[in-house]
Amino acid sequence: MERREFLKASAALGCAATLSACDSSSSDATPTPPVKELTEEKLNWSACCVDCGSHCPVRVFSRDGVITRIESNFTTDDVYGNHNVRACLRGRSLRKRVYAPERLKYPMKRVGPRGSGQFERISWDEALDTVAEQLKRITSQYGNEAIYALGGPGAMYSFSNRGCLNRLLNLSGGYLGDYGNFSFAQYIKACKYTYGAEIDYLFGSSVAEMANSDLVLMIGHNPSELGMSGSGQGYDFVRQKQKNNFKTIIIDPRYTESSLGKEDQWIPIHPGTDAALVEAIAYVLITENRVNQAFLNEYCVGYDENTMPDGVPYSESYKAYILDNPVAGDLTPGANAKTPAWAAPITGIPESTIWDLAHDLANAQAPFVQVAMSIGRHSAGENNVRTAFMLPILLGQLGLPGTNHGGIPMSASMNVFSMENHAEAGDDANAVKKRISFFKFIEAVENGKDLTVLKDGVILPDEELDENGDGKLGTDIKAIIAYATNRLINQNADVNYSRQVLADDSKCEFIVVIDNVMNASAEFADIILPDVTYVETEDLVNQGAVAGDTATLVQMSTSVGPMFESKPLYEMCVGIAKRLGIEAEFTKGKSHKQWLDEAYAATQAMNPGLPDKDVMLKQGIYRKYLPNGAYLSNKAFRADPVANPLPTPSGKIEIYSERLAYLAKHWELPEGDVISALPKYVAAWDGFEDEATRHDYPLQLGGYHTKGRVHSSYHNVPWLREAVQDAVWMNPIDADQRGLKTGDQVKVFNSRGTIEIPVKVTPRVMPGVAALGEGAWLKMENGIDKGGNINVLTSHRPTPLSKGNGQHSIRVEIQRA
């Protein structure tokens, strides 16, 4: 039954009830119309597969192909450790997203200027013919490296994910790859050059390890908003806090929902100055002889005269840098020592508070230090994170019960088949070995041929490098296929710049957008292919990166789709593969169902105890609380650093990195960017101390993850817009100076653009700082964004080391609209 038929039937029932209540004996009274009997309500399990890091299960009830209600998981006795994995307000509003007015129903092609949003409906045959023809033309004319796959996190399935698209492109000759991502590009580089590996050290000890801690320090970490679901880290943190009552200190410019009485101390800080705070703490620890010298001697490189690499003098050590004294053994501070008095005006934290924080850390028996990914998304983000890692390192408080090396908490996990991993294995691997930073793709459209290794971080095969290790990308991006992502426009930095570049279809000649809603990115497509929503497909979903200490697998099924003319990505790729002449290679002779069944069997083999698929289709969710026990980061290394060395060149923690010293000498950096062998505070562009911007734009603007959407997903759900206000937060001091009160419409602006949005005046953000939830949908009117999209204001300038996004470094002014 179509939705409109369902509504008509409901109306007919209401009419019948009215007629039955009338006491009429007239023979010509209107008879009760026949009503089609509604069928029994069906239950299917699905999941909210957006990129919040949880991927919570939902139960979808439907009748005759129409969703009647969506509920969360209520299937256990709800004892912690066997608790219900409850979806948050976003997942529970999924029905509104499925039936949204913005829903893409049919394939469409552009009929107006690129970006105008003018499209007409076409058939699937015409759409897939066009995509295949354009891919053939562009690869023939420019080469496969001119094609860029912009895969996004809007559909975190196991099988029908971006891996299907990647594999299709691989089998047709390859595509330009990328590295890094918007969440933690800078963070993983900090991990690499400190602990030796990127992803392996992104995650630290599990939340459960807090049970052994007496002090939890969160630097920007906000689990109650980032991981707020029933199996998320926010719930785990609250349960550990209730049970163990460790001291909790939260450092954040905003009084977040991870505070609200759960903290023992909130320390507000100017955005991007975390490294200055850590250096001042280091000064206290060093001058008061509170560092763990034995640990530094045995496990670290670069702290003092005892630990420097061969040929590098003590004057280049971390200790000499903090004290500003190049004389080994002398604790006399120099004029530029990183004292609390030096850090106080930079950070906005009183000098006495810095001393107290240093003493709290030094006195703790097992401090659990966790550093948020957000502090990396600043203009000097890599140094911010590397410097924050120094707190557990200086104290020797890692690899021991109750401690953490600084990484975000490890979530419990079960292994699952991934088409994305499958797409890069064996004969299906990408033949194009060139890669760019994920954050440079707009520049690669405009002038990719001149992007270089030493200036732009391009990765090239060895045979294409010159004697200096440099080389050019050599081609512009001419085609983009964007799947399940709004970062073509909405989530990319400097929206006006991105719109200007992509509007010119002589640069990027062909853009395909695969999505299920018409958003700012879809408006820039040449061809739009409508994807199914989560409730319309069968797939398997693993928990995300911040799902917490309960590992989950959700078996999705459907009774409501595909709706309209939407298709799963796999089916689209089969159609394109057929037109490219590689259908047999792509499908391997297997149907969609056979692929799904084999993916499930592979997952079952990796997880003994996982029920058969027919059981999971009814059961929906499979969970294990800490399936492998609580995780303690660096445990093996701490126990025996010789037998279990780190994957750094030295095998030790590298406070001083010779690899970074080399890059600092050889990479071409713009003025204001710094790559340093030591972790250092850098007064970088658009930061608190930036003289070029701080006078015209006196407020720092911080973006944050609002509970009303996940990035830009769910922004179009009216329920969520009512439940979570979209407004820019201002401290009463700053608001009073500008004559503003809560509810006033204001302009937030800088040299890159202007947005118009209501203001919320609150002491929950520190003076000199404003805060705005990221992900609002762009709504440009006469050059001003009326949707409140923070990326109208963010910079497209990459960070020095990872060439990632420094989108949290923003200076603005705010005035009444």
Practice item. Considering non-hydrogen atoms only, spot the tightest contact between V765 and A771 and give its length. Key: CG2-CB, 4.4 Å
Check your understanding: Considering the options D264, D356, D360, which one meets the salt bridge (charged side-chain N to carboxylate O under 4.0 Å, His left out) requirement together with K247?
Key -> D360
Practice item. Scan side-chain atoms only and decide if E382 and T799 contain a donor-acceptor pair under the 3.5 Å cut-off. Key: yes
Check your understanding: Between CD of Q491 and CD1 of I790, what distance do you get to the nearest 0.5 Å?
Key -> 10.0 Å
Point to revise | Donor-acceptor contact present, side-chain D178 to main-chain I436, <3.5 Å | key: no
Review point. Just by distance, with hydrogens left out, do H221 and Q370 show a side-chain donor and acceptor under 3.5 Å apart?
Key: yes
Point to revise | Sidechain-backbone polar pair: N492 side chain, V495 backbone, donor-acceptor under 3.5 Å | key: no
Exercise for review: Please answer whether the main-chain N or O of N222 pairs with a side-chain N or O of T256 as donor and acceptor at a distance below 3.5 Å.
Suggested key: no
Check your understanding: Considering only heavy atoms from C-beta outward, does the side chain of N731 approach that of T762 to under 4.5 Å?
Key -> no
Practice item. Kindly compute the distance separating CG (L778) from NZ (K786), expressed to the nearest 0.5 Å. Key: 12.5 Å
Check your understanding: Taking 4.0 angstrom as the limit, do R709 and E774 come out as a salt bridge?
Key -> no
**Study point:** Candidate pair S374 and H808, rule side chain to side chain contact (heavy atoms under 4.5 Å, CB included), full reasoning
**Key:** CA-CA 8 Å; S374 59; H808 285 323; 4.1 Å; yes
Check your understanding: Donor-acceptor pair, N363 side chain versus H359 backbone, under 3.5 Å?
Key -> yes
Check your understanding: Which atoms form the tightest heavy-atom contact between Y656 and E316, and what is the distance?
Key -> CD1-O, 3.6 Å
Check your understanding: Going by atom types alone, do N490 and S712 pair a side-chain donor with an acceptor below 3.5 Å?
Key -> no
Check your understanding: Can Y662 and E658 be said to form a side chain to side chain contact (heavy atoms under 4.5 Å, CB included), step by step?
Key -> CA-CA 6 Å; Y662 178 86; E658 291 183 282; over 6 Å; no
**Study point:** Pair D252 + R764: basic N to acidic O under 4.0 Å
**Key:** no
Review point. Do the side-chain N and O atoms of D686 and S795 include a donor-acceptor pair separated by under 3.5 angstrom?
Key: no
Exercise for review: List the atom of I655, the atom of C300, and the distance in Å for their closest heavy-atom pair.
Suggested key: CD1-CB, 4.0 Å
Practice item. Taking the side chain as every heavy atom from C-beta outward, state whether T287 and L323 have any pair of such atoms under 4.5 Å apart. Key: yes
Exercise for review: Indicate the ring-plane relationship of Y303 and Y318, choosing parallel, tilted or perpendicular according to the 30° and 60° boundaries.
Suggested key: tilted
Practice item. Please round to the nearest 0.5 Å and tell me the distance separating atom CD1 of I442 and atom CZ of R499. Key: 12.0 Å
Check your understanding: Where the side chain of H405 meets the backbone of Y201, is there a donor-acceptor pair that is under 3.5 Å apart?
Key -> yes
Review point. Is it true that the NZ or CZ of R694 lies under 6.0 Å from the centre of F688's six-membered ring and within 45 degrees of the ring axis?
Key: yes
Review point. Does the side chain to side chain contact (heavy atoms under 4.5 Å, CB included) test come out yes or no for V458 and T452, once each step is laid out?
Key: CA-CA 6 Å; V458 172; T452 71; 5.8 Å; no
Point to revise | Separation of C52 SG from Y714 OH (nearest 0.5 Å) | key: 8.5 Å
Point to revise | Ion pair check, K440 and D456, cut-off under 4.0 Å | key: yes
Exercise for review: Kindly determine whether Q807 and N791 satisfy side-chain hydrogen bond (donor to acceptor under 3.5 Å, both in side chains), including the steps that lead there.
Suggested key: CA-CA 8 Å; Q807 284 170 276; N791 285 316; 2.7 Å; yes
Practice item. Rounded to the nearest 0.5 Å, what's the gap from NZ on K189 to OH on Y179? Could you check? Key: 6.5 Å
Practice item. Determine yes or no for a side-chain-to-main-chain donor-acceptor pair under 3.5 angstrom, with E279 supplying the side chain and Y681 the backbone. Key: yes
Practice item. Measure from the side-chain N and O atoms of Q700 to the backbone N and O of P271, and report whether any donor-acceptor pair falls under 3.5 Å. Key: yes
Check your understanding: What heavy-atom pair brings V769 and L699 nearest, and what distance separates the two atoms?
Key -> N-CD2, 4.4 Å
Practice item. Could you walk me through whether D236 and Q233 pass the side-chain hydrogen bond (donor to acceptor under 3.5 Å, both in side chains) test, one step at a time? Key: CA-CA 5 Å; D236 292 325; Q233 290 180 359; over 6 Å; no
**Study point:** Residues Y497 and E443: side-chain donor-acceptor under 3.5 angstrom
**Key:** no
**Study point:** Face-on cation placement of R386 at Y193 ring, 6.0 Å and 45° thresholds
**Key:** no
Review point. Have W342 and N336 got a donor and an acceptor in their side chains that come within less than 3.5 Å?
Key: no
Check your understanding: Cation over ring, K680 on Y321, under 6.0 Å and within 45°?
Key -> yes
Exercise for review: Evaluate the salt bridge (charged side-chain N to carboxylate O under 4.0 Å, His left out) criterion for residues E257 and K262: first the C-alpha distance (whole Å), next the side-chain angles of each, then the deciding distance (0.1 Å), finally the verdict.
Suggested key: CA-CA 9 Å; E257 298 206 10; K262 297 185 284 290; over 6 Å; no
**Study point:** pair S206-P409: side-chain heavy atoms closer than 4.5 Å
**Key:** no
Exercise for review: Decide whether T248 and K241 meet the rule of one side-chain donor and one side-chain acceptor closer than 3.5 Å.
Suggested key: yes
Practice item. Output, in order, the C-alpha distance, side-chain angles, deciding distance and verdict of side-chain hydrogen bond (donor to acceptor under 3.5 Å, both in side chains) for E654 and Y195. Key: CA-CA 7 Å; E654 296 197 343; Y195 297 113; over 6 Å; no
Check your understanding: Should the ring pair W729 and Y704 be called parallel, tilted or perpendicular, given that the plane angle runs from 0 to 90° and is split at 30 and 60?
Key -> tilted
Review point. Hey, is the main chain of A275 close enough, under 3.5 Å, to the side chain of T387 for a donor-acceptor pair?
Key: no
Check your understanding: Would you call the rings of H796 and F439 parallel, tilted or perpendicular, where under 30° means parallel and over 60° means perpendicular?
Key -> parallel
Check your understanding: Looking at R254 and E225, does any basic side-chain N land under 4.0 Å from a carboxylate oxygen?
Key -> yes
Review point. Heavy atoms, side chains only, cut-off 4.5 Å: are M373 and L202 in contact?
Key: yes
Check your understanding: Does the side chain of S317 pick up a donor-acceptor pair with the side chain of D304 at under 3.5 Å?
Key -> no
Review point. Would you call L361 and L215 a side-chain contact if the rule is heavy atoms closer than 4.5 Å?
Key: yes
Check your understanding: Between the side chain of D274 and the main-chain N/O of L277, is any donor-acceptor distance below 3.5 Å?
Key -> no
Review point. Under 6.0 Å between the ring centres of F438 and F182?
Key: yes
Revision key, fill the gap. Heavy atoms of P340 and E351 approach each other most closely as CB-CG, 3.6 Å
Review point. When rounded to the nearest 0.5 angstrom, what is the spacing between CG in D324 and OH in Y283?
Key: 10.5 Å
Review point. Between I375 and A388, which heavy-atom pair has the shortest distance, and what is it?
Key: CD1-CB, 4.1 Å
Check your understanding: For the side chain of N750 and the backbone of L793, is there at least one donor-acceptor N/O pair under 3.5 Å apart?
Key -> yes
Check your understanding: Charged N to carboxylate O under 4.0 angstrom, D690 versus R811?
Key -> no
Review point. Can you tell me if T347 and H270 form a side-chain donor-acceptor pair at under 3.5 Å?
Key: no
Review point. Under a 4.0 Å N-O cut-off, is there an ion pair linking D494 with R752?
Key: no
